[in-house]
Amino acid sequence: MKAGCSIVEKPEGGGGYQFPDWAYKTESSPGSRQIQLWHFILELLQKEEFRHVIAWQQGEYGEFVIKDPDEVARLWGRRKCKPQMNYDKLSRALRYYYNKRILHKTKGKRFTYKFNFNKLVMPNYPFINIRSSGKIQTLLVGNEFRIEKNF
DNA sequence: TGCGGAATCT
DNA sequence: AGATTCCGCA
């Protein structure tokens, strides 16, 4: 039994929405509800209330800046039930994305990373829609839509 | 600050 | 697999 830290976070009464359930599943762990780090990053990025914590870099397509690394780590740790999470550990996980071609580092810019939308994210995750402004929306196309994971 | 190896966990 | 933890190196 897991106590204290719920596995799935509920959308608070207000109006924020989460990725649909199927977005949390992967081929390797069909039953898993564990959100992946880059899904979580995208989730924070699309919400206005986290603009002071993490935000898109205007002008650069898919590039984002972590303005408050400690806070992002804290939020991630809360979601994953890992109270000891910190930016050092979180950033290690982000670094693993380099080889998977999900992310890469924007060299010279502090706390700045860039999604490889064109190459990987868009083809495999059609529910992600990048608008001209650089903002991202999730599109719920239908529950039959499966993620085709092929990193 | 940022990197990536290594061991370990779920 | 996808992190998490720890760490030496630059």
Side-chain angles (χ1 to χ4, degrees), chain A residues 1-11 16-47 50-130 134 136-141 143-151:
Chain A
M1 288 286 280
K2 291 189 189 271
C5 189
S6 63
I7 299 163
V8 180
E9 233 165 71
K10 301 167 185 175
Y17 67 97
Q18 308 287 118
F19 278 76
D21 284 354
W22 52 266
Y24 292 80
K25 299 173 184 172
T26 62
E27 284 177 3
S28 59
S29 49
S32 176
R33 299 208 142 245
Q34 283 282 61
I35 188 173
Q36 299 197 202
L37 178 55
W38 69 275
H39 289 185
F40 181 74
I41 297 290
L42 243 28
E43 186 182 308
L44 294 183
L45 243 16
Q46 79 184 357
K47 294 185 178 182
F50 296 108
R51 280 185 76 80
H52 61 290
V53 171
I54 186 171
W56 294 113
Q57 183 82 279
Q58 90 278 17
E60 289 297 329
Y61 182 77
E63 192 172 277
F64 64 95
V65 188
I66 297 173
K67 296 177 178 176
D68 188 341
D70 294 336
E71 181 63 5
V72 172
R74 198 185 61 78
L75 292 164
W76 175 236
R78 173 182 289 180
R79 174 68 63 90
K80 289 288 294 287
C81 306
K82 295 285 175 185
Q84 307 311 311
M85 183 52 58
N86 57 38
Y87 182 68
D88 179 64
K89 294 171 190 171
L90 185 151
S91 62
R92 182 67 188 93
L94 291 180
R95 270 176 249 132
Y96 272 125
Y97 287 150
Y98 300 169
N99 286 337
K100 294 179 182 178
R101 309 187 71 197
I102 293 172
L103 281 184
H104 62 83
K105 189 73 181 66
T106 301
K107 288 164 187 169
K109 292 184 185 174
R110 205 158 156 260
F111 305 129
T112 303
Y113 300 82
K114 191 169 180 174
F115 277 100
N116 293 330
F117 283 130
N118 359 323
K119 308 216 71 169
L120 191 133
V121 179
M122 283 300 285
N124 290 320
Y125 297 83
F127 61 91
I128 296 168
N129 178 39
I130 302 117
I136 284 188
Q137 267 192 327
T138 53
L139 296 175
L140 183 51
V141 183
N143 277 4
E144 68 279 359
F145 233 116
R146 306 273 309 188
I147 290 177
E148 287 169 18
K149 182 164 159 294
N150 189 22
F151 294 147

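We name chains A, B, ... by the order of the sequence lines, and we start the count at 1 in each one. What's counted below: heavy atoms across the whole structure, side chains too, no hydrogens, waters or symmetry copies.
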Write down the distance between [atom1] ([X]) and [atom2] ([N]), rounded to a whole number of angstrom.
X: A:Gln36; N: C:dA3; atom1: CD; atom2: C1'; result: 9 Å
X: A:Leu103; N: B:dC3; atom1: CG; atom2: C1'; result: 15 Å
X: A:Leu94; N: C:dA3; atom1: CG; atom2: P; result: 9 Å
X: A:Arg79; N: C:dT4; atom1: CZ; atom2: P; result: 12 Å
X: A:Tyr113; N: B:dT1; atom1: OH; atom2: P; result: 12 Å
X: A:Phe111; N: B:dC3; atom1: CZ; atom2: P; result: 12 Å
X: A:Phe40; N: C:dT4; atom1: CZ; atom2: P; result: 11 Å

Residues two or more places apart in sequence or in another chain: which of them pass salt bridge (charged side-chain N to carboxylate O under 4.0 Å, His left out) with A:Lys67?
->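 If we apply the salt bridge (charged side-chain N to carboxylate O under 4.0 Å, His left out) test to A:Lys67, skipping adjacent residues, there are no hits.
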When you look at A:Ile41 and A:Tyr113, which way does the side-chain contact (heavy atoms from CB on, under 4.5 Å) test go after all the steps?
-> CA-CA 11 Å; A:Ile41 297 290; A:Tyr113 300 82; over 6 Å; no
Give one of base, sugar-phosphate or nothing for A:Lys105, where a contact means two heavy atoms less than 4.0 Å apart.
->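 It contacts sugar-phosphate atoms only.
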Check every strand shown and say whether A:Tyr97 touches a base, only sugar-phosphate, or nothing at a heavy-atom separation below 4.0 Å.
->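 Sugar-phosphate contact only - A:Tyr97 comes under 4.0 Å of backbone atoms but never of a base.
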Keeping the roles fixed (side chain from A:Ser91, backbone from A:Lys89), state whether a donor-acceptor pair exists under 3.5 Å.
->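 The answer is no, because no donor-acceptor pair under 3.5 Å joins these two groups.
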Given side-chain contact (heavy atoms from CB on, under 4.5 Å), test A:Leu90 with A:Val72 step by step and report yes or no.
-> CA-CA 9 Å; A:Leu90 185 151; A:Val72 172; 4.0 Å; yes
Distance test, side-chain N/O of A:Lys107 to OP1/OP2 of B:dG2, below 4.0 Å |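 Answer is no, no contact under 4.0 Å.
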A:Trp76 side chain near C:dT4 phosphate (N/O to OP1/OP2, under 4.0 Å) |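 For C:dT4, OP1/OP2 do have a side-chain N/O of A:Trp76 under 4.0 Å.
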Per-nucleotide protein contact along nucleotides 5-10 of chain C, 5' to 3', at a 4.0 Å heavy-atom cut-off (B base, S sugar-phosphate only, - neither), is BSB---
Quick one: do A:Arg79 and A:Glu43 make a salt bridge, cutoff under 4.0 Å?
->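 Here A:Arg79 pairs with A:Glu43 in a salt bridge, since their nearest N and O are under 4.0 Å apart.
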Taking it one step at a time, do A:Asp68 and A:His52 satisfy side-chain contact (heavy atoms from CB on, under 4.5 Å)?
-> CA-CA 7 Å; A:Asp68 188 341; A:His52 61 290; 5.9 Å; no
Residues in ring-ring contact (aromatic ring centres under 6.0 Å, His included) with A:Phe111, at least two apart?
->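 Partners of A:Phe111 by the ring-ring contact (aromatic ring centres under 6.0 Å, His included) criterion, ordered by chain and then number, come out as A:Tyr87.
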